[in-house]
Amino acid sequence: RCPQRSMAMLDIPFPPFLAFLGSLGVLCVALVGTWCQHWRGGFSLDGGSRTFNWHPVLMVTGLVVLYGAAALVYRIPATWSGPKLPWKLLHGGLALGAFVLTVLGLAAVFCFHNSNGIPNMYSLHSWMGLATVLLFSCQWAAGFGAFLLPWAPTWIRQLYKPIHVFFGSTILLLSVASCVSGINEKLFFSLKNGTTQYKLLPAEAVFANTLGMLILLFGVLVVGALARPSWKRPDPNSLDSRQ
């Protein structure tokens, strides 16, 4: 009885969880924007350090928050009945928006590096981030071909669906890891000569570390929601067949 009672206490409804998760995502975007504006000098398109500041903002917004929202579309109870095509379009549209922001974020960092003579793709963070973006692009293209094109056979959809779901969670975890490692790398590069060193934990380090922990929490909660059996969409085979 005790384990059953504990599980019942933990079985929170999805709508309040989604509201909390949405607030957490907005908070992550607001904090990364505040960090770049207050401590890193703001934003511009001149190729300098302020151009680089678009990179963390766009990556957190697109690759983590917007991508997480796309992953949770089918956990909304309203998607469990009726035509599935509008929700497919929403899922694909959110993922496409996340991809566009991610590409713009990559363009910002490459523009900054090239304008200042900094080598590209030398750090573990850059390797992980580019691998995540490449995997994301393959995931979106394969999902578009399998689930949105009308001539895709049913057996291909059924075969690819668990693969699509697995890589969806994997890409989100890689995105979180890339963002957190990028925040840490930026702090190491910035907080050294002429500033309070990172190891002394100045206010900027506390703020950015907190941002990293909130991004990590967001990713863990999204993956947890995707894995929760009671929040999964009921088997829609009959709807897919009719579509």
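Between F14 and P77 the shortest heavy-atom distance is CD2-CD, 3.9 Å. G62 and A98 get closest at one heavy-atom pair: O-CB, 3.1 Å. Taking all atoms of both residues into account, the shortest heavy-atom contact from T61 to V57 is OG1-O, 2.7 Å. When every heavy atom of V64 is checked against every heavy atom of L172, the shortest pair comes out as O-CD1, 3.9 Å.
Hydrophobic clustering keeps M128 apart from V180 (ILVMFWY residues linked when any side-chain heavy atoms are closer than 4.5 Å, directly or through intermediates). Linking ILVMFWY residues whenever their side-chain heavy atoms come closer than 4.5 Å, directly or via other members, leaves I156 and W151 in distinct clusters. By the rule that hydrophobic residues join a cluster once side-chain heavy atoms approach within less than 4.5 Å of another member, V26 and V73 end up as members of separate clusters. Hydrophobic clustering (side-chain heavy atoms under 4.5 Å, transitive across Ile, Leu, Val, Met, Phe, Trp, Tyr) groups L101 together with L45. The hydrophobic clustering, which links ILVMFWY residues whose side-chain heavy atoms are closer than 4.5 Å, places F17 and L226 together.
Within 6.0 Å of atom CZ in F110, more than 12 heavy atoms from other residues, nucleotides or ligands are found, so the atom counts as buried in its surroundings. More than 12 heavy atoms of other residues, nucleotides or ligands sit less than 6.0 Å from atom CH2 of W39.
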*asked:* Checking L58 against T102 for the side chain to side chain contact (heavy atoms under 4.5 Å, CB included) test, could you report, in this order, the C-alpha distance in whole Å, the side-chain angles of both residues, the deciding distance, and whether it holds?
replied: CA-CA 6 Å; L58 292 172; T102 300; over 6 Å; no
_Intermediate values then yes/no, side chain to side chain contact (heavy atoms under 4.5 Å, CB included), L21 and L72_ = CA-CA 10 Å; L21 193 61; L72 289 175; 3.2 Å; yes
*Please walk me through it: do L187 and E204 pass side chain to side chain contact (heavy atoms under 4.5 Å, CB included)?*
CA-CA 8 Å; L187 290 174; E204 180 181 357; 4.2 Å; yes
*Worked verdict on L221 versus L24 for side chain to side chain contact (heavy atoms under 4.5 Å, CB included)*: CA-CA 10 Å; L221 290 179; L24 181 59; 4.1 Å; yes
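Taking the side chain as every heavy atom from C-beta outward, N114 and N120 approach each other to under 4.5 Å. Here the side chains of I76 and T79 are in contact, with some heavy-atom distance below 4.5 Å. For the pair M59 and L106, the minimum side-chain heavy-atom distance is below 4.5 Å. No side-chain heavy atom of T196 sits less than 4.5 Å from a side-chain heavy atom of L191. Considering only heavy atoms from C-beta on, Y160 comes within 4.5 Å of I163 through its side chain. Taking the side chain as every heavy atom from C-beta outward, I183 and W35 approach each other to under 4.5 Å. C179 has its side chain out of reach of P56: every pair of non-hydrogen atoms, C-beta onward, lies at least 4.5 Å apart.
Using a 30° and 60° split on the angle between ring planes, H125 and H55 fall in the perpendicular class, above 60°.
From L89, atom CG reaches atom CG of L96 across 11.5 Å, with rounding to the nearest 0.5 Å. Taking CZ of F43 as the reference point, atom SG of C36 lies at 4.5 Å (rounded to 0.5 Å). Residue L63 holds its CG atom at 9.0 Å from CD1 of I171, rounded to the nearest 0.5 Å. Atom-to-atom distance recorded for F189:CZ and F52:CZ is 9.0 Å, nearest 0.5 angstrom. The structure places OG1 of T51 at 4.5 Å from CG of D46, a figure rounded to the nearest 0.5 Å. Going from atom CG of L159 over to atom OG1 of T154 covers 12.5 Å, rounded to the nearest 0.5 Å.
The closest donor-acceptor contact from the side chain of R75 to the backbone of R233 lies at 3.5 Å or more, if one exists at all. Judged purely by atom type and a 3.5 angstrom limit, S137 uses its side chain to pair as donor or acceptor with the backbone of L134. Side chain of S169 to main chain of F166: no donor-acceptor pair is present (N/O by atom type, distance under 3.5 Å, no hydrogens or angles). Not one N or O on the side chain of R50 forms a donor-acceptor pair closer than 3.5 Å with the backbone of G42. When atom types are taken as modelled, the side chain of W127 and the backbone of M121 share a donor-acceptor pair closer than 3.5 angstrom. The backbone N or O of F99 lies less than 3.5 Å from no partner atom in the side chain of W140, so there is not a single donor-acceptor pair. Panel note: side chain N116, backbone I118; no donor-acceptor pair is recorded below 3.5 Å. Using modelled atom types, no side-chain atom of Y67 and backbone atom of F136 make a donor-acceptor pair closer than 3.5 Å. At least one donor-acceptor pair under 3.5 Å links the side chain of N53 to the backbone N or O of R40. The backbone N or O of H164 sits less than 3.5 Å from a side-chain atom of Q139, completing a donor-acceptor pair.
A donor-acceptor pair shorter than 3.5 Å cannot be found between the side chains of S178 and S175.
Under a cutoff of 6.0 Å and an axis angle of 45°, K161 and F147 do not form a cation-pi pair. K88 forms no cation-pi arrangement with Y74, by the criterion of a distance under 6.0 Å to the ring centre and an angle within 45° of the ring axis.
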